[in-house]
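Notes to accompany the following structure.
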Amino acid sequence: MRLGVNIDHVATLRQARRGKYPDPVAAAAVAELGGADQITLHVREDRRHVNDRDLSLLRQTVNGTLNLEMAAVQAMVDLALHERPDTCTLVPERREELTTEGGLDAIGHRDEVRRVTRALRDGGIEVSLFIDPDLEQIKASHRADAQAVELHTGRYCEARGAEERKRELSRLVDAAKAAGKLGLRVAAGHGLDYWNVKPVAGIDEIGELNIGYAIVCRAVLVGLERAVRDMKELIARPGRA
Ligand code: PXP
């Protein structure tokens, strides 16, 4: 199981004082030492945490893959084609939200998603769509010519009680199977932590998890390298809740 470490939250801390530290670029290097296979970052249109300088330096320094989360808009396409991350994950973006709240609507925004996907793929960048674990969204992602989907695990993570959690996990299982059958590479993420990750890591079709908040929060107490290593060990031995 590949682990993408989302370093946005390190940049959020830096922006609290608008200074130089902690530097998400340094954090990415340490995350890689801890076993991160990928560095994930979300350059928001309002640049509220990660900025263009971070993306540019990360492109030059990250050894594994670089995954840029972005809105499906032309300004971000231009930036991506300039910096050339390995993967672009298209996400919905609303300025007032605290974090990405729901999946991308690949049905409602069919034309722009398709156009942006084409432009990025023509630039040699893999395109993944961050969608809810919903069959219609998976089919729409396939029709839009995306090569991958990232299944939104938020509802699973927020489920209250064993029954609801089981139901949400089975939605993820069904969605991962359907996406795999269509030949899409399958990732998952949002809200995963050290207590809820194992059942998701145990879904065969899912090959990558993108995790940020829980890792950065643990890093405050134990250090980033250990926090990444702890997560990497957990997801390498999945299936036990
Ligand atoms: N994947 C995507 C597409 C996201 O937008 C986010 C949040 O930025 C994550 C994964 C990571 O979520 P979390 O920080 O809750 O682990």
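FYI, the numbering just counts along the sequence from 1. Computation of the quantities below employed the complete heavy-atom set of this structure, encompassing side-chain atoms and omitting hydrogens, waters and symmetry-equivalent molecules.
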Looking only at side chains, do [X] and [Y] share a donor and an acceptor under 3.5 Å apart?
{"X": "Asn210", "Y": "Thr40", "answer": "yes"}
{"X": "Asn63", "Y": "Glu32", "answer": "yes"}
{"X": "Arg48", "Y": "Gln15", "answer": "no"}
{"X": "Asp86", "Y": "Gln38", "answer": "no"}

Is [X] salt-bridged to [Y], going by a charged N under 4.0 Å from an acidic O?
{"X": "Lys232", "Y": "Asp37", "result": "yes"}
{"X": "Arg167", "Y": "Glu163", "result": "no"}
{"X": "Asp23", "Y": "Arg53", "result": "yes"}
{"X": "Arg226", "Y": "Asp230", "result": "yes"}
{"X": "Arg155", "Y": "Glu164", "result": "no"}

Would you say the side chain of [Y] lies within less than 4.5 Å of the side chain of [X], judging by non-hydrogen atoms?
{"X": "Asp145", "Y": "Val127", "value": "no"}
{"X": "Glu158", "Y": "Glu168", "value": "no"}
{"X": "Met70", "Y": "Thr89", "value": "no"}
{"X": "Leu192", "Y": "Met231", "value": "no"}
{"X": "Ile215", "Y": "Asp193", "value": "no"}
{"X": "Arg185", "Y": "Glu208", "value": "yes"}
{"X": "Ile235", "Y": "Leu209", "value": "yes"}
{"X": "Gln74", "Y": "Val77", "value": "yes"}

Value for CG (Leu120) from OG (Ser128), rounded to nearest 0.5 Å, stands at 11.5 Å
Here the gap from Glu150 atom CD to Leu90 atom CG, rounded to the nearest 0.5 Å, amounts to 11.0 Å
- Message: Quick check against the 3.5 Å criterion: does Arg84 have a side-chain atom that pairs as donor or acceptor with the backbone of Arg59?
- Response: no
Between His152 and Asp132, the two heavy atoms sitting closest are CB-OD1, 3.6 Å
Closest non-hydrogen atoms of Ala106 and Ser141, given as atom of the first, atom of the second and distance, are CB-OG, 4.2 Å
So if you build clusters from Ile, Leu, Val, Met, Phe, Trp, Tyr with side-chain heavy-atom gaps below 4.5 Å, do [X] and [Y] land together?
{"X": "Leu224", "Y": "Tyr194", "result": "yes"}
{"X": "Ile211", "Y": "Leu68", "result": "yes"}
{"X": "Leu13", "Y": "Leu58", "result": "no"}
{"X": "Leu57", "Y": "Ile7", "result": "yes"}
{"X": "Leu135", "Y": "Ile206", "result": "no"}

> Under the 6.0 Å and 45° cation-pi test, does Arg171 pair with Tyr156?
Replying inline: no
*asked:* Tell me whether the NZ or CZ atom of Arg14 lies within the 45° cone about the ring axis of Tyr21 and under 6.0 Å from its centre.
replied: no
Using a 4.5 Å side-chain heavy-atom cut-off and chaining through intermediate ILVMFWY residues, the residues clustered with Val222 come out as Val220, Leu221
Applied to residues 201-222, the ring-ring contact (aromatic ring centres under 6.0 Å, His included) test, sequence neighbours excluded, yields His9-Tyr213
Residue pairs meeting ring-ring contact (aromatic ring centres under 6.0 Å, His included), one or both in residues 49-94, sequence neighbours left out, come to none
Item checked: Derivation of the side-chain hydrogen bond (donor to acceptor under 3.5 Å, both in side chains) call for Asn67 and Thr87 -> CA-CA 5 Å; Asn67 173 26; Thr87 301; 5.0 Å; no
If you count the non-hydrogen atoms of other residues, nucleotides and ligands that lie under 6.0 Å from CZ in Arg47, is the total more than 12?
yes
Which of Arg44, His42, Met76 passes side-chain contact (heavy atoms from CB on, under 4.5 Å) with Glu69? Answer is His42
